Amino acid sequence: MKTALLASYEKDDALLRLGRLLTENGWSLLGSAGTAKYLSENSVACRDVAEIVGPPILGHRVVTLSRELHAGLLATDTDATELEKLGVPRIDLVYVTLYPLEKTIAENAAPEQVLEKTDIGGPTLLRSAAKGRRIALSSPAQFDEFEKHLASGTFDEKYLVSLAAAAERRVADYVDASAKYWESKVA
């Protein structure tokens, strides 16, 4: 059974669509705390990552930053025995929507609010998924094409690379917005 990790700031119809699509096609779902709760409340079976990594810590600032999740994303076929020993599933797909940093910056928010809306775990998940050549979904706009690939059962290298590039671009733009904001504070 394939495993997907969903960590979405947005708790919306897009998240439900993906969760339902995956479970209807036999995937097992893991979710960050809020995502897992939202999906479960909407009749989509989803395990909380806390079952693998422990509960969120530091006021919910550290949830998905764990070696277990990143091992599941970066493992190759030769690592299956080690993953099993660790009790960690191979993670085949990641879907992440990031905290609304750009929106927060555009609203001329105070530095404390910008810090609060700076996502660290989400970008890290996307980068691990991209590096591990997993299915790295970084936008609901990618769902239609993903659904076609899922129906055909084909996730070729070209498709995985295009998703990796999109994930890396999303993270790069996100980090660029953060850098520009903080540079403006010292200029």
Side-chain angles (χ1 to χ4, degrees), residues 1-11 14-16 18-23 25-41 44-101 116-140 142-143 146 150 155 160-161 163-172 174-175 178:
M1 176 180 285
K2 293 196 177 285
T3 300
L5 172 57
L6 311 179
S8 182
Y9 180 82
E10 302 294 336
K11 312 301 187 272
L15 176 59
L16 286 176
L18 181 62
R20 289 180 178 135
L21 178 64
L22 290 167
T23 56
N25 283 276
W27 287 60
S28 172
L29 302 185
L30 290 172
S32 57
T35 299
K37 181 180 181 209
Y38 177 77
L39 289 171
S40 296
E41 288 173 347
V44 177
C46 184
R47 289 176 48 210
D48 191 320
V49 295
E51 294 178 27
I52 296 171
V53 304
I57 60 174
L58 302 179
H60 205 84
R61 289 189 311 275
V62 180
V63 179
T64 60
L65 290 170
S66 77
R67 67 187 205 153
E68 292 87 358
L69 296 179
H70 295 281
L73 287 166
L74 295 167
T76 64
D77 292 340
T78 62
D79 299 315
T81 302
E82 186 173 0
L83 284 181
E84 187 175 328
K85 181 180 172 185
L86 294 169
V88 174
R90 175 189 162 96
I91 300 171
D92 304 287
L93 177 149
V94 164
Y95 171 60
V96 172
T97 60
L98 304 174
Y99 288 15
L101 176 65
E116 184 63 29
K117 294 300 183 203
T118 301
D119 196 331
I120 302 300
T124 306
L125 287 174
L126 286 172
R127 298 212 64 221
S128 287
K131 180 176 179 172
R133 286 303 183 260
R134 302 309 201 263
I135 300 164
L137 299 174
S138 54
S139 168
Q142 298 167 318
F143 291 0
F146 168 72
L150 184 63
F155 298 102
L160 295 178
V161 169
L163 291 176
E168 292 282 20
R169 173 55 49 210
R170 176 67 186 113
V171 171
Y174 193 83
V175 172
S178 180

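Everything numeric here is computed off the predicted structure, so don't read it as measured data. Below, each value reflects all heavy atoms present in this structure, side chains not excepted, and no hydrogens, waters or symmetry copies.
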Among Thr3, Asp77, Leu73, find the one that has a side chain to side chain contact (heavy atoms under 4.5 Å, CB included) with Arg90.
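Single pass found, and it is Asp77.
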Looking at [X] and [Y], what are the two nearest heavy atoms and their distance?
{"X": "Tyr95", "Y": "Pro140", "value": "OH-CG, 3.3 Å"}
{"X": "Leu22", "Y": "Ala4", "value": "CD1-CB, 3.7 Å"}
{"X": "Leu101", "Y": "Ser178", "value": "CD2-CB, 3.7 Å"}
{"X": "Glu68", "Y": "Ile52", "value": "CB-CG2, 3.9 Å"}
{"X": "Gly132", "Y": "Leu74", "value": "N-CD2, 4.0 Å"}
{"X": "Leu83", "Y": "Ala75", "value": "CD1-CB, 3.4 Å"}

Give a yes-or-no answer on whether the side chains of Ser8 and Thr97 include a donor-acceptor pair shorter than 3.5 Å.
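Yes, side-chain donor-acceptor contact under 3.5 Å.
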Taking only residues two or more places apart in sequence, or in another chain, which ones meet [X] in a salt bridge (Lys or Arg N to Asp or Glu O under 4.0 Å)?
{"X": "Arg133", "value": "Glu157"}
{"X": "Arg67", "value": "none"}
{"X": "Asp48", "value": "none"}
{"X": "Glu51", "value": "Arg47"}

Working to the nearest 0.5 Å, report the span between [atom1] of [X] and [atom2] of [Y].
{"X": "Tyr9", "Y": "Leu98", "atom1": "OH", "atom2": "CG", "value": "11.5 Å"}
{"X": "Glu10", "Y": "Thr35", "atom1": "CD", "atom2": "OG1", "value": "10.5 Å"}
{"X": "Ile135", "Y": "Gln142", "atom1": "CD1", "atom2": "CD", "value": "11.0 Å"}
{"X": "Ser28", "Y": "Met1", "atom1": "OG", "atom2": "CE", "value": "6.0 Å"}
{"X": "Tyr99", "Y": "Ile120", "atom1": "OH", "atom2": "CD1", "value": "9.5 Å"}
{"X": "Leu137", "Y": "Leu18", "atom1": "CG", "atom2": "CG", "value": "6.5 Å"}

Please name all residues satisfying side chain to side chain donor-acceptor pair (under 3.5 Å) with Thr124, sequence neighbours left out, ordered by chain then number.
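None.
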Residues that Ser138 engages under side chain to side chain donor-acceptor pair (under 3.5 Å), provided they are two or more places apart
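Applying side chain to side chain donor-acceptor pair (under 3.5 Å) to Ser138 gives none.
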Does anything in residues 116-129 pair up under salt bridge (charged side-chain N to carboxylate O under 4.0 Å, His left out), and if so which pairs, sequence neighbours excluded?
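For residues 116-129: Arg127-Glu168.
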Is any side-chain heavy atom of Leu30 closer than 4.5 Å to a side-chain heavy atom of Pro89?
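Side chain of Leu30 against side chain of Pro89, heavy atoms only: contact under 4.5 Å found.
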Among residues at least two apart in sequence or on other chains, which ones pass ring pair (Phe, Tyr, Trp, His ring centres under 6.0 Å) with Phe146?
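Result, ring pair (Phe, Tyr, Trp, His ring centres under 6.0 Å) vs Phe146: Phe155.
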Considering residues at least two apart in sequence or located in another chain, which fulfil the ring pair (Phe, Tyr, Trp, His ring centres under 6.0 Å) criterion with Tyr38?
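Tyr38 satisfies ring pair (Phe, Tyr, Trp, His ring centres under 6.0 Å) with no other residue.
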Around atom NZ of Lys11, are there more than 12 heavy atoms from other residues, nucleotides or ligands closer than 6.0 Å?
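Atom NZ in Lys11 is packed in, count exceeds 12.
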Mind running side-chain contact (heavy atoms from CB on, under 4.5 Å) on Thr23 and Leu39 for me, showing each step along the way?
CA-CA 11 Å; Thr23 56; Leu39 289 171; over 6 Å; no
Going by the rule side chain to side chain contact (heavy atoms under 4.5 Å, CB included), which residues pair with [X] if we only count those two or more places apart in sequence or in a different chain?
{"X": "Thr81", "value": "none"}
{"X": "Ser40", "value": "Cys46"}
{"X": "Lys2", "value": "Trp27, Asp92"}

